[in-house]
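Please read the structure below before turning to the comments.
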Amino acid sequence: MTEQIDHKKRPNGAVTLDSNGAGDYNMTNDVKSLPTAFEAHEEEDTGVESKDEEEEFEAATSYVDVFTIGGYVTLQLFGYLRDFLRRWKVEKSLVAQESEDNAGFAPLYSNWEDFYTRNVYIRIRDCWNRPICSVPGATIKLLERSTPNYGWDFHMTGETIECINMGSYNYLGFAEKFGTCAEDAVAAIDKYGVAGCSPRDDIGTQTVHLELEALVARFVGCEAAVTFGMGFATNSANIPALVDKHCAVLSDSLNHSSIVTGVRLSGAFVKTYKHNDMADMENKLKELVLAGHPRTRRPFKKVLIIVEGVYSMEGSICKLREIIALKKKYKAYLFLDEAHSIGALGPHGRGVVDYFGLDPKDVDIMMGTFTKSFGSAGGYIAGSRDLIDYLKNASGGMIYASAMPAAVAQQIVTSMTIIMGEDGTDEGIRRIRQLAENTRYFRSELKKRGFIIYGHKDSPVVPLLLYYPTKIATFGRFMLQRGIAVVVVGFPATPVKLGRARFCLSAAHTKEMLDKVLQATDEVGDILNIKYSRRYGPNAAVKKDSPSVVNARKNS
């Protein structure tokens, strides 16, 4: 387990990973006089329109920002007032109290977090944590709840609410209770049981795990792969095995919490760059390579760039072509998280690498999860065989965590086989194309109605900006009344000024379902006055040029 992998120089000057997260290549001398990666890239005119240009982040008018901040300030002032009333027993307090036996101890949790929870979140808690009692497919059944005290307690009424499901990550519609996937998963339980009751390193590895890992490697175009039972832990348990305090991590500012947790646990020096801003990324990367550690000025043994394929809160897609150019130039490693892009992007459903038509070998570490497009659970890391052999002996997710249940693994094997067309049908490609059609249709229709929609036109994650804290909860409630289950998100999960609703498209959605969701969204949008766009819809102040005008400008 402690044996190091040989340091084999690669063509771009980087070195292979060793078991303590170190490499012995000094990158400083190679980059001082090189042109920027963008200058080099611009010289190669491929004649293909960049897919990066198809992304939008429209800003609302200034008054929206002002009133949004004002809304949170008002909530905070009323929170202080309610705390005052509770202290003097004018209002009955339902807040959890520290035990009297702990007098003099430091509090177990942050006072500000508790203030926000008891005075803001509790009042709108009915918009989250809704229990379901069905498969999370195109439609979903929710258990109806009532609260006698504004969110402090909930009671089940015994009734259910059937809704169109716009909240689950069921991108390709494999979350089904009938069909080949379900049948194969049940058969796996009959053969292997419900759980392996052991880590993979002990006696938890079953034949279905080996079959799955070989299939994943072929699917993503890598030499080998290793799988884990939890998507979050795939990042948080493996990043510390790849980098340590002698290494640096360059991370997108909007990377997922699992990545942030893994980087923190690793002890590596971390720098973030502005989301999808390649100029800022190159500046930060150059600084890491040339200046080294800010305290010792010694060069880092390794620089690891970490990005996501699709960003789950913004609906944006990483600029992978430019990122690969930078990583090659500065001899850095690239860790690509394809949790939301694998299965959902690309003509073959193989993620953002497939979407841009790039070589998987240009990505050193490919990570993804099975919880979205495959209707299952867990995650994987794919790459060179040396990398995977190392992780199997160094990752806490392999050594300590219980093995993925066989039924979960079989669900992935069956759904991935369908996506690859190895089941003898075209069902996989049909679902991939249907998801792409649904995504573009839904996004364009929301824009036509005047909503501000974030992200890339091909991203199945569709954020609709709500801004105001009060409108976040009201939107979720009004949509539920119209039979639509949608996720609403506010501070602290998003910046204070950027509360939103998040729609997740699925290949299982029919056009009739999407039209019903659009109609309900349009109605609620008019009621709440949330059609803020000045580019599209009835309030558009900036009209896009027609293709003829664009062509005339190019010709001139």
Side-chain angles (χ1 to χ4, degrees), residues 55-85 112-128 150-151 166-167 253-254 274-275 311 313-316 443 445-455 461-482 484 486-503 517-518 520-543:
E55 203 165 84
E56 288 190 77
F57 295 93
E58 182 182 350
T61 53
S62 300
Y63 82 86
V64 174
D65 287 346
V66 172
F67 281 99
T68 299
I69 297 295
Y72 276 104
V73 170
T74 303
L75 288 172
Q76 188 168 351
L77 292 175
F78 271 90
Y80 286 128
L81 175 61
R82 294 178 70 87
D83 279 354
F84 176 80
L85 296 176
W112 162 246
E113 289 178 2
D114 184 47
F115 174 88
Y116 183 83
T117 299
R118 67 178 178 265
N119 291 306
V120 180
Y121 172 70
I122 286 292
R123 308 284 290 186
I124 56 176
R125 193 158 65 106
D126 59 294
C127 296
W128 294 278
Y150 302 100
M166 300 300 294
S253 60
L254 296 183
K274 296 175 185 176
H275 174 58
Y311 290 84
M313 206 59 75
E314 308 301 311
S316 53
R443 279 182 166 273
E445 289 298 316
L446 284 177
K447 287 183 178 180
K448 287 178 185 177
R449 288 161 170 77
F451 296 103
I452 291 182
I453 305 299
Y454 269 11
V461 179
V462 184
L464 185 155
L465 275 291
L466 302 172
Y467 299 101
Y468 296 90
T470 50
K471 292 183 179 182
I472 294 171
T474 308
F475 183 87
R477 290 166 179 163
F478 281 11
M479 291 295 282
L480 185 61
Q481 291 172 6
R482 289 161 174 78
I484 313 297
V486 62
V487 174
V488 289
V489 192
F491 177 81
T494 68
V496 170
K497 298 186 293 183
L498 297 177
R500 66 198 65 179
R502 185 180 62 179
F503 297 91
V517 176
L518 288 166
T521 308
D522 196 32
E523 291 175 3
V524 176
D526 288 332
I527 295 170
L528 299 182
N529 192 26
I530 53 176
K531 297 181 178 180
Y532 301 115
S533 179
R534 293 173 290 166
R535 295 183 186 174
Y536 309 96
N539 301 321
V542 179
K543 299 292 185 182

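If you read the sequence from its start, that first residue is 1, and numbering goes on from there.
Classification of the F57-Y454 ring pair by plane angle, with boundaries at 30° and 60°, yields perpendicular. Aromatic ring orientation, Y467 versus Y532: perpendicular (interplanar angle above 60°, classes split at 30° and 60°). Aromatic ring orientation, F503 versus F475: perpendicular (interplanar angle above 60°, classes split at 30° and 60°).
For the pair V489 and I472, the minimum side-chain heavy-atom distance is 4.5 Å or more. Counting heavy atoms from C-beta outward, I453 and E56 have side chains that stay 4.5 Å or more apart. Between D522 and D526, the closest side-chain pair of non-hydrogen atoms falls below 4.5 Å.
Qualifying salt bridge (charged side-chain N to carboxylate O under 4.0 Å, His left out) partners for R82, counting only residues two or more places apart in sequence or in other chains: E91. With sequence neighbours left out, the side-chain hydrogen bond (donor to acceptor under 3.5 Å, both in side chains) criterion links S533 to E58.
Identified under the salt bridge (Lys or Arg N to Asp or Glu O under 4.0 Å) test for residues 470-479, with sequence neighbours left out: D126-R477.
The backbone N or O of G450 sits nowhere less than 3.5 Å from a side-chain atom of N539 that would complete a donor-acceptor pair. In this structure a side-chain-to-backbone donor-acceptor pair under 3.5 Å is missing from S316 to Y311. Under a 3.5 Å cut-off, the side chain of W128 and the backbone N or O of V487 do not form any donor-acceptor pair.
A distance of 14.5 Å separates CZ of F478 from CD1 of I484, quoted to the nearest 0.5 Å.
Side-chain atoms of Y72 and Q76 form no donor-acceptor pair, as typed in the model, at a separation below 3.5 Å.
With respect to R449 and E523, no salt bridge is recorded, no charged nitrogen being found less than 4.0 Å from a carboxylate O.
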